[in-house]
Amino acid sequence: MKIQACLKKLSAFIVSLIALLTVVPIAAESDSKGTMPEVSEFHTDFTSLNMLSQLDGDFDAYYYETVENDTSGAAEELDTRWRLQNNRLTIKTPSDGSYFKNMAALTYTKHSYKNFQATYTFSQSSQVFGIMLGTAPGEFAYTGTTTWTSELPYGDIASHGGIVVIIDSEGKIRILGAVENGYQRTTEGIATFGTATDEVKENVAAGKNHTVCITVSDSVLTVVIDGMADNKKTVALTGDYDGGYISLVGNSMWASGGFGSLEIKEFDFSIDFAAIAGGDYAEKLSEHFDAYYFQSLTKASGNGNTGTPVSLASQWKIADNTRLYANTGKYSYSEGLAALTYRDKEYKDFEATFTFSKNGGFRGLMFGTKQGEFAYDTTEPLSSGSYMVSLESRGGVFVSVNDNKIRIYGAVPGGSIYVYDKQDGTSELKDFVNASNKTLHTLKITVSGKRLTGILDGIEASEFVIPLTEDYSGGYISLVESYNQTSGGFGGLTI
């Protein structure tokens, strides 16, 4: 009996230990003085938590009875208003649906951010759920009493340097605080929020989960819902935004909605090409990028892996104010390739994410090269069946997306690898295979040591892990494209 009792205690301890490991700050070792550095990357899945106390040490809780005239909140225990309920993290406050009263904030305290990407999942419950950026702990992003009056079309919101992003029950994106006029919103509900017959009630009643991706870079805020270009809002931030802490915010009655997860990543560089659309887009790109053209990678008839510097404006265009593309007039992995190289820094181990839409051409990410050089060259033009014999790695890697295929060329075993080729449209990747050109996809590439990992649209079934050969030693990162018909292109890049 004593042995059984001990086994029960041991089993309970193991369960508790596993639960504690579901909150995953990405931390470094302590320094020579024994102090811990700030944790700039964070991820937790609230649906996996057993106890709210697992968030202690990472988050502080604050309550704002009103922010009509004062941005200061009252510190309180996490379990005063926050609950793990219905497999979500939710809130209980006296709720009147206001953006100015009874707001609760759960603030990640391990690091402050200025340029970053934060992604959270949530389900709606006809109340207020969102994220707050750029504030001091215990401070709110704005003051005010209303978002709209006939005399004040943008209400009386006064920015205090922070931003709150809310997805309301009608599926509209609302941005309050350090933006022009203090308040911006989309006029239409997001496309994935409900059904055509009864958008609000159907979405709320079904408890549908949505993913909100927030990116801030160079004083530009981009919001993308469920990875779709139609569900996107980009705004310029005002000069009083200077970064700060990130909080989950809202008011609710413990209804069916709540937060499912939160991930925060700081980055070196991020750009949303829709945000720079306009007559001076090429000038803005030129602040960080150089353009090269590779007429032929075939050594006998071309320049091998050496490209020609070209005018960025002449080669790269922005279509529909949303997508960056290069139309080279070729469809070949060895001829007519355009590269847009990020020149500010070289990388060996890194994480890079690019968004793209598909068409008949191909595009992708190249890394590990010198400026003006391609990842490989060839002994003859690449054609079907000749990849393995004619391609020679020059130490770089090109990850290419073409229709429903992902191919990797260069410093990988054999010089060329097909990651997958899904043709039947019935797999977990059917949304990628069958999607229209308008759909925005995300490919995340991570390189650590001699290992390349990629994942498409966050789908677990799409993940691939590829070894890199010894000639890979790092270098510059480029976007590469060929044969674009303007219907596809790149949406953005984050490193």
Side-chain angles (χ1 to χ4, degrees), residues 59-78 80-82 91-109 112-114 116 118 120 122 126-170 172-187 212 214 216 219-223 233-253 259:
F59 291 89
D60 287 339
Y62 299 93
Y63 177 61
Y64 305 84
E65 184 176 359
T66 176
V67 294
E68 292 183 355
N69 300 299
D70 186 6
T71 62
S72 299
E76 56 187 19
E77 297 297 322
L78 267 63
T80 303
R81 304 184 193 280
W82 295 86
I91 317 161
K92 182 181 181 180
T93 68
S95 177
D96 58 5
S98 170
Y99 299 123
F100 308 98
K101 295 181 180 180
N102 303 316
M103 295 289 281
L106 195 66
T107 302
Y108 179 64
T109 58
S112 62
Y113 299 85
K114 187 172 183 179
F116 65 91
Y120 68 93
F122 85 108
S126 299
Q127 299 297 335
V128 175
F129 293 103
I131 193 166
M132 182 165 66
L133 328 166
T135 70
E139 297 295 320
F140 211 73
Y142 56 82
T143 56
T145 62
T146 182
T147 57
W148 183 90
T149 66
S150 57
E151 294 79 17
L152 297 170
Y154 296 96
D156 62 353
I157 298 174
S159 167
H160 286 258
I163 305 107
V164 172
V165 178
I166 299 291
I167 315 302
D168 69 17
S169 60
E170 296 177 353
K172 296 175 182 177
I173 303 172
R174 299 176 184 264
I175 303 172
L176 304 89
V179 293
E180 184 181 5
N181 299 313
Y183 175 58
Q184 300 289 323
R185 70 180 178 94
T186 54
T187 56
V212 184
I214 307 286
V216 177
S219 295
V220 175
L221 168 71
T222 303
V223 183
K233 175 75 172 174
T234 300
V235 296
L237 302 180
T238 53
D240 56 343
Y241 172 80
D242 194 36
Y245 288 85
I246 294 175
S247 307
L248 296 176
V249 297
N251 56 38
S252 172
M253 296 300 293
F259 297 101

Contact between [X] and [Y] at the side-chain level, heavy atoms closer than 4.5 Å - yes or no?
{"X": "Arg185", "Y": "Lys233", "answer": "no"}
{"X": "Phe259", "Y": "Leu106", "answer": "no"}
{"X": "Tyr99", "Y": "Val67", "answer": "no"}
{"X": "Ile246", "Y": "Thr107", "answer": "no"}
{"X": "Pro137", "Y": "Tyr62", "answer": "yes"}
{"X": "Tyr183", "Y": "Ile175", "answer": "no"}
{"X": "Met132", "Y": "Phe140", "answer": "yes"}

Which atom of [X] lies closest to which atom of [Y], heavy atoms considered:
{"X": "Ser159", "Y": "Tyr142", "answer": "CA-CB, 4.3 Å"}
{"X": "Ile91", "Y": "Ala104", "answer": "CG2-CB, 3.7 Å"}
{"X": "Glu68", "Y": "Thr143", "answer": "O-CB, 3.8 Å"}
{"X": "Ala141", "Y": "Gly162", "answer": "CB-C, 3.4 Å"}
{"X": "Ser98", "Y": "Met103", "answer": "O-SD, 3.8 Å"}
{"X": "Tyr241", "Y": "Ala178", "answer": "CB-CB, 4.1 Å"}

* To do: In sequence, state the C-alpha distance, the side-chain angles, and the governing distance for Phe59 and Thr109, and then conclude on side-chain contact (heavy atoms from CB on, under 4.5 Å).
  => CA-CA 6 Å; Phe59 291 89; Thr109 58; 5.9 Å; no
* How far does OG1 of Thr147 sit from CG of Asn181, to the nearest 0.5 angstrom? -> 12.5 Å
* **Residue of the set Val235, Leu237, Thr234 for which side chain to side chain contact (heavy atoms under 4.5 Å, CB included) holds with Val220** => Thr234
* **Given Val128, Val212, Thr186, Ile131, the one that forms side chain to side chain contact (heavy atoms under 4.5 Å, CB included) with Ile167** => Val212
* Under the side-chain contact (heavy atoms from CB on, under 4.5 Å) criterion, do Asn102 and Tyr64 qualify, and how do the steps go? -> CA-CA 6 Å; Asn102 303 316; Tyr64 305 84; over 6 Å; no
* If the plane angle is over 60° it's perpendicular, under 30° parallel, otherwise tilted; pick one for Phe129 and Phe122. => tilted
* **Glu65, CD: over 12 other non-hydrogen atoms inside 6.0 angstrom** => no
* Asked: Under 6.0 Å from the CD atom of Glu77, do we count more than 12 heavy atoms belonging to anything else shown?
  -> no
* Report the residues that fulfil side-chain hydrogen bond (donor to acceptor under 3.5 Å, both in side chains) with Asp242, sequence neighbours left out, ordered by chain and then residue number. => Lys114
* Step by step, would you call Val216 with Leu221 a side-chain contact (heavy atoms from CB on, under 4.5 Å)? -> CA-CA 5 Å; Val216 177; Leu221 168 71; 3.7 Å; yes
* Asked: Restricting to pairs with a member in residues 138-162, which pass salt bridge (charged side-chain N to carboxylate O under 4.0 Å, His left out), not counting sequence neighbours?
  -> none
* To do: Evaluate the criterion side-chain contact (heavy atoms from CB on, under 4.5 Å) for residue pair Asn251 and Gln127; output intermediate values, then yes/no.
  => CA-CA 6 Å; Asn251 56 38; Gln127 299 297 335; 3.9 Å; yes
